[in-house]
K.L.:
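Sharing a structure here in structure tokens format.
In what follows, chains carry the letters A, B, and so on, assigned in the order in which the sequence lines appear, proteins first and then strands, with residues in each chain numbered from 1. Atom set for the values below is all heavy atoms of this structure, side chains included, hydrogens, waters and symmetry mates excluded.
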Amino acid sequence: MSENHTPYKPAMIEPKWQDYWRVNKTFKAIDCDYSRPKLYVLDMFPYPSGDGLHVGHPEGYTATDIWCRYKRMRGYNVLHTMGWDAFGLPAEQYAVKTGTHPAETTAKNVKVFRKQLESFGFSYDWDREINTTDPKYYKWTQWIFSKLYEKGLAYESEQPVNWCPELGTVLANEEVINGHSEVGNYPVIRKPMRQWVLKITEYAERLLAGIDELDWPEGTKEMQKNWIGKSSGAEVFFAVQGSKERIKVYTTRPDTLFGATYMVLAPEHPLVEQLCSAERKAAVQAYQKAAAAKSELDRSELNKEKSGEFIGAYAINPVNEELIPIWISDYVLISYGSGAIMAVPAHDSRDFEFASKFNLPVKCILRPSQEDCQAAGLQLAEVLAGKACWEGEGSLFNSANAEISINGLPVQEGKKKISDWLESKGIGKASVNYKLRDWLFSRQRYWGEPFPLVHHEDGSVSLVPEEELPVLLPELEDYKPTADGEPPLARAKHWLQYKDPKTGRSGLRETNTMPQWAGSCWYYLRYLDPHNEEQAWDLEKEKYWMPVDLYVGGSEHAVLHLLYSRFWHMVLYDLGYVSHPEPWKRLIHQGMILGISYKDKRGVLVANDMVEQREGKYYHIESGEELTMLPAKMSKSLKNVVNPDEIIKRYGADAFRLYEMFMGPLTEVKPWNTDGVEGVYRFLHKAWKMIVDTQSGALAAEISEQAPTPEAERLLHQTIKKLSEDIESLSYNTAISQLMIYVNETSRSAQRNLEHMKCFVLLLSPLAPHMAEELWQRLGGQDSLAYEPWPEYDAAKLKVAELEILVQINGKPRGRIMLPAEATRDEMITLAQQNPGIAELLEGKQILKSVAVPGRLVNIVVK
RNA sequence: GCGAGAGUGGCGGAAUUGGCAGACGCGCUGGAUUUAGGUUCCAGUGGUUAACACCGUGGGGGUUCGAGUCCCCCCUCUCGUACCA
């Protein structure tokens, strides 16, 4: 390869520097280097799919890469890593279809991904690359599970789960969207099965409390809080007429206890069978059966119409001894609270709806104010008559018995008083509940981590001893789950048999595997010490690098991955394996990059290959209908997916990086427009030409060591200041804009100072590292510029003697005058009023007031 | 329904946090170079107007010498969530 490629040719420059960085291990992170401040910058690692990278992946990766490169120049010891979240369904489904072992598919895809990521010039320490499917990695995933198990945080449970017949597996609640699987969009039904479950609920309060300390997007914090869903209220015991059983209900409105007119149990409630009267048995059982068979989708479709059955039994309201009928309905969920509610139709809209449908009594015991009522568009009389539901504030009435009265109290005080009374009587107490459920942690799949567990003949379960880890995945011929939900590992007859080497006790291995979240729950810890065969990570290294200073990834993981990981981390903290309770100090979500798409008049999206452009307008290729352009999520079906490889081939990685960052703020959704790449590509050409003589390949003739003009100095120092501030705050779009201004201005100038050019190259280097390295070398740099000190700006050089100041009269721009930069407010006003043009406009007017803002404007208020 | 975020030229987006709205880029218009296309370079580009000028940051009020920015009401869009008692 010749060195005389004088015009800017990214295809020549970029591989050269990528090789240089790899060979010289330029971005190796040094463990426990206490001479420098550490910085751990983490990207959410990808699932290596067969489709390769799309333009969304490199968005976050470029953002962190720029930050890392900048911080290295600022003297930080930066840990920046990449790996593969490679267990998961697509490889397994491919295996089912073709018989190719998922490990083979995974290895192939990882190779493609890695090659693609390298082509962007990301400054990862590739020696720390990890892969969750590597036995050397999942050995430690199993080890962490063992710790959870030992701590009593893992248990088996027979419970209705989300069973997806199409995928042949159970899914977590979080993986089910509108009754369909998140992966593949197949219907999901409820089915009781034996499952491993992790007791994340034990950590609910701490997971909730920890959120406030985090420097995360408010929306994400809010979502986690909602997911945990803490509520406080009271649990109340209701006796049952003619039975010894008591039914526990949970309510957030104990103040409305006197308004309870019936009770509802979840169809799965264990007392239903026992309490149900003989004559209601048939109807009740039919309803239970129907509810159980309903998929999540059916249940949500039934949202509009309440359903239920009376079970022929009555509960006794403990505050007034009234008999209230007991119903079952699927609007009460077995998995929340106690699976039973007291229904107060007058003050709960769901109960009101149910009561209306089944003609149950509505008893109002809370009087809203006239104004509140009007604001809500209701008639007070209707509320009081039980013809309308009131859920807001008000004053309690009809709420007293011989021992207690909460009449006249507002809601909050009523709650407190009645809860205390219930507790004193031993029939209830104030109580807290969480929406968060325990985490369903097993899957009936092949391509996941095996559990380090053995089931013995006596029904007991034990951990596989640590020295036997990892429990390797067995080789199989057939990766398909069986129709009844038996996991594929059950087919590995030989593997299945386990004999304890010490006790000689035999048993069968657990055949479920862990969900994909397992590997990603702790990967950031393995990067700290990826080759350690003795421990998951070294404690000193953990203490040095953790916590992660900046974590960047998609908001789709706002609750799942980010909550599960926090849970594991907190457990590891309790066990003394990590030094901080929270893994990620600061979190940022990159916005989604949308593709260009088209819609017809009905709003239906049309695939891009069905669109033709004529005279700046768009038409359907077949119908001829005119279409409008709009941004839409990239998808194969719309044929609007942009392949980064093609962009890099045409414009180079530097232009690609620059464009993605120039599009707009990192966190916003942005539409991709390939024309826009031209703009940054032109900028790179201009920058190249500013420094290199494209005829000879030598430095541009305008470059010399001659002293720069004050204007050139000012522009440079402005640029340094802007770049420093903008990169620090990840505002790369405005940083790039400033570099463009610098190049546009300087290219016009016949004199360019050599040191200025070097400085410019350093400023450019985090954003467009390949070109910067090449120019640095041509400007006389010996090694990589990756660790050159970041330029500092000189505030004195930003100053000017005279400034153009706007003069306004009554807030309207009326003139511009030159004033000394350090003029005081009074001087500014005087000089402005004396200015001939302004004085003319002020003639005959009375000056009421003058305002001066140094460096900006003078506003004269006249009458 | 609830929660969060956002509405600025033809388009992506700037605006030192109350101080010249539209930086920078795309696109478009005109010109130069070129046999031509492309590239490159120069000039222009929010709207109305011949011009002076006026109007302009989703809509309506308000605070202020001054509002894209602050306050109140309304509208629209995006994302998340959904019978959690």
K.L.:
Dot-bracket for RNA chain B, please, read 5' to 3', with Watson-Crick or G-U wobble pairs under 3.5 Å on both distances, ( ) within the strand, [ ] crossing, | other strand, . unpaired.
P.N.:
(((((((..(((......[....)))((((((.......))))))(((....)))..(((((..]....))))))))))))....
K.L.:
Using atom P in both nucleotides, what's the gap between B:rG46 and B:rA21 to the nearest angstrom?
P.N.:
14 Å
K.L.:
Can you tell me, in whole Å, how much space there is between the P of B:rU78 and that of B:rA85?
P.N.:
29 Å
K.L.:
Roughly, in whole Å, what's the span from CD in A:E353 to C1' in B:rA85?
P.N.:
14 Å
K.L.:
Any side-chain donor-acceptor pair under 3.5 Å between A:Y793 and A:Q718?
P.N.:
no
K.L.:
Below 30° counts as parallel, above 60° as perpendicular, anything between as tilted: where do the rings of A:Y8 and A:W688 land?
P.N.:
tilted
K.L.:
Whole-Å distance between B:rC65 C1' and A:R825 CZ?
P.N.:
13 Å
K.L.:
Listed by chain and number, what are the salt bridge (Lys or Arg N to Asp or Glu O under 4.0 Å) partners of A:K670, not counting sequence neighbours?
P.N.:
A:E59
K.L.:
Determine the interplanar angle of the A:W672 and A:F656 rings, folded into 0 to 90°, and report it as parallel if under 30°, tilted if 30 to 60°, perpendicular if over 60°.
P.N.:
tilted
K.L.:
Report the distance from atom CD1 of A:I809 to atom P of B:rA53, rounded to the nearest whole Å.
P.N.:
13 Å
K.L.:
Between B:rG13 atom P and A:M661 atom CE, what is the distance in whole Å?
P.N.:
14 Å
K.L.:
Taking the nucleotide of RNA chain B with the nearest heavy atom to each, does A:K722 or A:G229 sit closer to the 5' end?
P.N.:
A:K722
K.L.:
Please report the distance separating the P of B:rC52 from the corresponding atom of B:rG58, rounded so that it comes out in whole Å.
P.N.:
28 Å
K.L.:
Counting only side-chain nitrogens and oxygens, does A:K670 get under 4.0 Å of the OP1 or OP2 atom of B:rG12?
P.N.:
no
K.L.:
Looking at A:S635 and A:N640, what are the two nearest heavy atoms and their distance?
P.N.:
N-OD1, 2.9 Å
K.L.:
Just label B:rG9 as syn or anti from its O4'-C1'-N9-C4 or O4'-C1'-N1-C2 angle, using within 90° of 0 for syn.
P.N.:
syn
K.L.:
Work out how far the C1' atom of B:rG62 is from that of B:rC11, and round it to whole angstrom.
P.N.:
34 Å
K.L.:
I'd like to know if A:K230 pairs up with A:E205 as an ion pair, taking the criterion as any Lys NZ or Arg NE/NH1/NH2 lying under 4.0 Å from an Asp or Glu carboxylate oxygen.
P.N.:
yes
K.L.:
Sequence neighbours excluded, which residues qualify as side-chain contact (heavy atoms from CB on, under 4.5 Å) partners of A:K845?
P.N.:
A:V862
K.L.:
Using atom P in both nucleotides, what's the gap between B:rA6 and B:rC71 to the nearest angstrom?
P.N.:
13 Å
K.L.:
With P as the reference atom in both, quote the distance from B:rG5 to B:rC20 in angstrom, rounded to an integer.
P.N.:
27 Å
K.L.:
When all nucleic acid strands are considered with a 4.0 Å heavy-atom cut-off, which category describes A:P217: base, sugar-phosphate, or nothing?
P.N.:
nothing
K.L.:
When you compare B:rU64 with B:rU49, how far apart are their C1' atoms, in angstrom units rounded to a whole number?
P.N.:
32 Å
K.L.:
Rounded to the Å, how far apart are A:R814 CZ and B:rC65 P?
P.N.:
19 Å
K.L.:
Atom NZ of residue position A:K633 - does it have more than 12 heavy atoms of other residues, nucleotides or ligands inside 6.0 Å?
P.N.:
no
K.L.:
Just the rounded figure in Å: distance from C1' of B:rU78 to CG of A:L630.
P.N.:
13 Å
K.L.:
Side chain of A:S231, heavy atoms from C-beta onward: which of B:rG12, B:rU81, B:rA85 has the nearest atom to it?
P.N.:
B:rA85
K.L.:
B:rC75 and B:rG22: how far apart are their C1' atoms, nearest whole angstrom?
P.N.:
25 Å
K.L.:
Between A:H589 and A:T220, does a side chain to side chain donor-acceptor pair (under 3.5 Å) hold up when you go through it step by step?
P.N.:
CA-CA 9 Å; A:H589 301 304; A:T220 303; 2.7 Å; yes
K.L.:
Any chance the rings of A:Y262 and A:F354 have centres within less than 6.0 Å?
P.N.:
yes
K.L.:
Can you give each donor-acceptor pair under 3.5 Å made by side-chain atoms of residues 334-348 of chain A, sequence neighbours left out, with the distance rounded to 0.1 Å?
P.N.:
{"from": "A:S335", "atom 1": "OG", "to": "A:R437", "atom 2": "NH1", "distance (Å)": "2.7"}
{"from": "A:Y336", "atom 1": "OH", "to": "A:S231", "atom 2": "OG", "distance (Å)": "3.2"}
{"from": "A:S338", "atom 1": "OG", "to": "A:K248", "atom 2": "O", "distance (Å)": "2.5"}
{"from": "A:H347", "atom 1": "ND1", "to": "A:W390", "atom 2": "O", "distance (Å)": "2.9"}
{"from": "A:H347", "atom 1": "NE2", "to": "A:I365", "atom 2": "N", "distance (Å)": "3.1"}
{"from": "A:H347", "atom 1": "NE2", "to": "A:L366", "atom 2": "N", "distance (Å)": "3.3"}
{"from": "A:D348", "atom 1": "OD1", "to": "A:R350", "atom 2": "N", "distance (Å)": "2.9"}
{"from": "A:D348", "atom 1": "OD1", "to": "A:R350", "atom 2": "NE", "distance (Å)": "3.1"}
{"from": "A:D348", "atom 1": "OD1", "to": "A:D351", "atom 2": "N", "distance (Å)": "3.1"}
{"from": "A:D348", "atom 1": "OD2", "to": "A:R350", "atom 2": "NH2", "distance (Å)": "2.6"}

K.L.:
Going by an N to O cut-off under 4.0 Å, is there a salt bridge joining A:E725 and A:K721?
P.N.:
yes
K.L.:
Polar atoms only, N or O, under 3.5 Å: list the protein pairs with nucleotides 43-48 of chain B and their distances.
P.N.:
none

K.L.:
Identify whether any heavy atom of A:V249 sits under 4.0 Å from a base atom; if not, whether one sits that close to sugar-phosphate; answer base, sugar-phosphate or nothing.
P.N.:
nothing
K.L.:
One character per nucleotide, please: for nucleotides 19-29 of chain B, 5' to 3', B when the base has a protein heavy atom closer than 4.0 Å, S when only the sugar-phosphate does, - otherwise.
P.N.:
BB--BBSSS--
K.L.:
Check every strand shown and say whether A:S335 touches a base, only sugar-phosphate, or nothing at a heavy-atom separation below 4.0 Å.
P.N.:
nothing
K.L.:
Examine A:F662 together with A:Y732 and report whether their ring centres are nearer than 6.0 Å.
P.N.:
no
K.L.:
Taking CG from A:L436 and C1' from B:rU81, how many angstroms apart are they, rounded to a whole number?
P.N.:
15 Å
K.L.:
Looking only at non-hydrogen atoms, find the nearest pair between A:A832 and A:V858 and report the distance.
P.N.:
CB-CG1, 3.9 Å
K.L.:
In whole angstroms, how far is the C1' atom of B:rC2 from the CD atom of A:E222?
P.N.:
11 Å
K.L.:
Where does B:rU39 land, syn or anti, given syn is within 90° of 0?
P.N.:
anti
K.L.:
Looking only at side-chain atoms of A:K306, point me to the closest of B:rG13, B:rA85, B:rC83.
P.N.:
B:rC83
